[in-house]
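These notes are about the structure you will find just below.
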Amino acid sequence: MTPDETIIAEMTPLLEALCEDRLAREDAARLERCVLTSSAARWYYIRYIDLHGSLYWNAAGAGSAEALSSDEIPTSFDLTPETSLVEPAKAPGRSIPARKNLAIVLAACACVMVVVGWARFQPPANHGEIAHHEQPVASPAVDVPQNHVVTPVIPRQFSPVELTSTATEPSKATPVRTANPEVIPPPPEPRREELDSHEVVAAINAEIRRGWQTAAVRPSPVADDAEWFRRVTLDLWGRIPTLDETEAFLANKRPNKREETVDRLLDDTAFAHNLTTIWTNVLIGRRSGPQVNRPALQKFLRMSFAANRPWNQIVYDLVAAEGNNVEQGQTNFLIAHLNNDALPATAVTARVFLGEQLQCNQCHNNPFNKTQQASFWEMHSFFSQTASVPRQAVDPRTGETRYSYTELVTNTAGGPSFYETQNGVMRVAYPQFHGATVDASPETNRRATLARLMTEGDQPQLAAAYVNRVWEHFLGCGFTPSPDDLGSHSPASHPELLQMLSKQFIRSGYDTKQLMKWICATEAYQLTSRFGPDNREDDPVEGQLPYFSRMYVKSMSPEQFYDSFVIATKAHLAGGVDWEQAETQRQKWLAQYVVDYNTDENDEAMELDGNLVQALTLMNGKLVEKALETSPGTYLGEVVRRRADDKEKIRELCLAVLSRPPTANELTNMRKLVRQDAAQIASRGTNRQTAEADGYQDLFWALLNSNEFSVIH
Amino acid sequence: MNESEATIGTVTTPSPEFVQLFTHHQRRLFLYILSQVPNPIEAEEVQQETNVVIWSKFAQFRSGTNFLAWVSQIANFEVMKYRSRKKRDRMQFSDEFLETVSREALERSDELEERRKALVECIEKLRPRDRELIQQRYAPGEKGKHLAEQIGRPANSVYQSLGRIRRTLMECIQRRLVTGGMP
């Protein structure tokens with residue numbers, strides 16, 4: 001393909017989405033880039049939009065092609081305005097097209113204007129007659145009534161499917177609830193093998209070192225305690241450590257304190273909360289519709305992670321879920337994705353649990369690997385019996401409605417899915433997963449069957465997708481550029497390591513905590529994020545394959561950012577709020593920044609991702625305003641008023657926000673700044689105490705807005 | 001007074017020639033605006049506002065000059081006004097983008113007009129099923145989504161089909177222009 005052809009191939013789906021009003025924001029930006037970089041692309045854009053507009057314009061004229069030509073520009077002025085305007089109206093049985101109508105109205109309007117203009121010079125006696133004409137003057141130019149247009153009569157009943165007579169028609173009727181959908185039990189509890197952790201970690205280290213040697217990079221040194229402790233707390237608990245936690249860790253002299261810390265962090269409820277936050281976002285996004293019960297899903301996840309349930313069983317529950325979404329929290333995952341004919345359910349299930357990017361296969365075969373369009377629709381077929389029904393729980397004694405909920409049900413639809421290939425041929429897909437074909441009769445509970453097929457026994461792909469995602473969570477970069485894509489077109493940086501780790505994960509009984517312990521104990525996880533000349537090249541952001549020769553800097557998720565902010569400013573101590581309340585507060589704050597797209601993949605964009613917007617929000621937001629208060633009872637107020645020397649106070653603020661003591665150099669500079677600041681403010685007549693408080697306030701503000709605070713390093 | 005005006009009493013009114021130019025440029029104007037505001041319903045809104053302005057300024061048009069060039073300037077201004085009003089509620093292309101695109105759309109306006117003529121023939125050449133679908137899609141008041149419900153197909157498969165039909169039409173137009181209108 002020539003560069004122009006490539007760019008046009010890239011633009012085509014974007015233009016198609018644009019015409020159907022479903023172009024995501026970042027895709028609009030991509031389209032704009034294409035158009036601005038190539039003149040061929042620019043012309044293509046104009047031609048495509050022109051086609052779209054012409055179709056729209058012509059259709060409003062009439063349903064048939066002949067009528068279109070009457071709208072063309074005459075080569076000479078052979079028509080008088082009267083004939084050209086009146087002609088379309090004469091056509092019997094066809095209404096005046098909307099836009100021609102507009103022109104006529106405007107022309108009529110001209111006549112009225114003449115009348116009005118002329119009327120101004122007439123004696124008032126004629127006003128009654130003019131008022132009659134005045135009415136249409138104001139409105140018609142702006143407001144063309146659409147209902148003058150008669151919708152062309154097109155048969156509504158045309159069959160979109162060319163099928164052999166034996167095939168069943170897809171049932172579009174109201175879902176029929178089977179009395180008893182076929183019950184398919186969850187896969188048996190996996191066997192948990194006792195593995196020698198030292199051996200596993202050593203094997204990981206050996207693979208990583210092999211990579212360093214091949215690429216001739218030298219790893220960064222080991223991170224100091226403060227850097228490592230802040231990192232591991234953020235990774236496992238989703239927030240920075242408190243001042244007390246940091247001081248305790250720094251004072252701890254035990255030789256294996258890192259390992260002990262990981263164990264302690266994993267055993268705390270804060271760990272289950274953190275994984276719940278992460279997985280809720282992965283599963284249903286940050287914003288979900290009213291039919292979804294977010295707290296119920298979170299409760300399911302929290303219980304599962306707290307009990308360290310095997311990952312394959314959690315996945316089974318999510319995919320096979322059924323019933324009341326308040327009591328069965330796991331149902332909310334699919335309830336969130338049943339829009340657009342459950343296409344998102346198919347795409348998200350394949351992507352999140354299996355690392356398969358099937359959504360592209362919805363429309364075409366994958367040119368880069370062997371996945372075919374059929375595989376999307378075969379998978380989709382498993383969701384064809386699934387529906388959600390709004391219901392009300394009624395108190396049996398009083399008959400009053402107690403609450404509303406959504407029920408995830410399996411109906412008795414049978415038969416295949418239908419789809420269209422790129423050249424317009426209708427095809428049929430029967431439920432089939434990784435080679436296993438499932439009986440398409442109505443009695444089969446397809447979704448539960450799929451759940452079982454995905455999770456039973458040794459599932460290398462299920463394991464690899466999870467391992468890759470967890471690895472990315474800790475190391476800042478997965479083995480593949482996107483944790484959701486393990487396709488053969490996206491080769492892993494360390495394929496043997498990914499394979500080995502997936503295998504061990506399966507042997508451990510899909511044990512999440514065990515996997516995390518291994519990763520936290522690796523050599524790579526101990527390294528500092530600082531790099532030297534010998535590993536400057538190792539930078540996946542630049543598109544290189546990662547070598548993990550240093551800790552890649554991760555930007556905080558908005559949730560981590562919010563929770564860390566609360567910890568740094570000790571806002572949590574002021575209110576004494578419970579978890580649910582805190583969660584509501586947090587959701588409210590986050591909601592300001594989410595933009596969602598109702599696409600087939602249910603994507604959404606977060607406007608808060610460690611960038612400029614985040615910085616500005618923080619600098620000027622309410623959250624900061626509150627944190628900077630120095631009145632009695634606030635954290636900052638308490639530090640400022642404490643009887644201690646300024647070195648102590650500065651050290652504490654630094655530890656609270658950056659989770660490390662200041663270096664000697666920093667301390668000197670910060671002292672100087674606080675003093676200068678205070679002196680300057682005092683010189684304007686403010687009393688000394690207030691001026692000093694203002695000095696600390698500025699320091700605290702600067703620390704909270706520093707880069708070091710808002711990233712995980 | 002110039003040729004685009006006529007006089008009734010002391011009041012000027014657009015000349016028949018102006019009215020005709022105005023009427024016959026409606027489609028071109030709509031499509032010109034659409035290149036900058038790619039949603040047809042919004043583009044129509046802008047067009048109507050532009051029309052009001054064109055109508056109030058007819059006296060400024062010099063007969064014999066390029067009518068499209070004149071109205072496109074008015075349209076550009078109305079697009080700008082529309083965009084600043086709509087700033088917050090939807091995605092927008094940059095000013096640079098609009099400038100580049102609209103300049104080219106105007107320069108190649110005649111070429112586009114040729115394509116529009118070819119389109120009429122290409123629609124006839126579509127398979128009946130495809131023609132029906134595209135007509136339903138663009139029928140007034142219809143939208144892709146309701147369309148899917150009406151004909152009982154998944155919304156996405158309908159989007160796919162529409163995209164494919166538009167691509168077919170693009171190719172057909174290209175072929176017709178190359179062969180000079182010969183089939």
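So that the names make sense, note that chain A is the first sequence line, chain B the second, and so on, each numbered from 1. Computed from a predicted model, the values in this text were never measured in an experiment.
- Here B/R108 is the residue among B/E45, B/R115, B/R108 with the most heavy-atom pairs under 4.5 Å with chain A.
- Residues B/I41 and A/Y56 form a side-chain contact, since some pair of their non-hydrogen atoms from C-beta on lies under 4.5 Å apart.
- Using a 4.5 Å cut-off on side-chain heavy atoms (C-beta onward), B/W70 and B/N66 make no contact.
- At a 4.5 Å heavy-atom cutoff, B/S102 makes no contact with chain A through either its backbone or its side chain.
- Considering only heavy-atom pairs separated by less than 4.5 Å from chain A, the leading option among B/A43, B/P40, B/A105, B/G163 is B/P40.
- When heavy atoms are compared at a cutoff of 4.5 Å, B/R166 approaches chain A by way of both its backbone and its side chain.
- Scanning for disulfide bond (SG atoms under 2.5 Å apart) contacts around B/C122 gives B/C172, with sequence neighbours left out.
- Taking the six-membered ring for Trp and thresholds of 30 and 60 degrees, B/F67 and B/H25 have ring planes inclined between 30 and 60 degrees apart.
- For B/E111, the part sitting under 4.5 Å from any heavy atom of chain A is the side chain, from C-beta outward, and nothing else.
- Residues passing the side-chain hydrogen bond (donor to acceptor under 3.5 Å, both in side chains) test with B/S161 are A/E420, B/R153, sequence neighbours excluded.
- Closest approach of B/K125 and B/R131 over heavy atoms only: N-NH1, 4.5 Å.
- The parts of B/L34 that come within reach of chain A are both its backbone and its side chain, each placing non-hydrogen atoms under 4.5 angstrom from that chain.
- For B/I165, no part lies under 4.5 angstrom from a heavy atom of chain A.
- Contact count versus chain B (heavy atoms, under 4.5 Å) is highest, among A/H52, A/E16, A/E32, A/R42, for A/E32.
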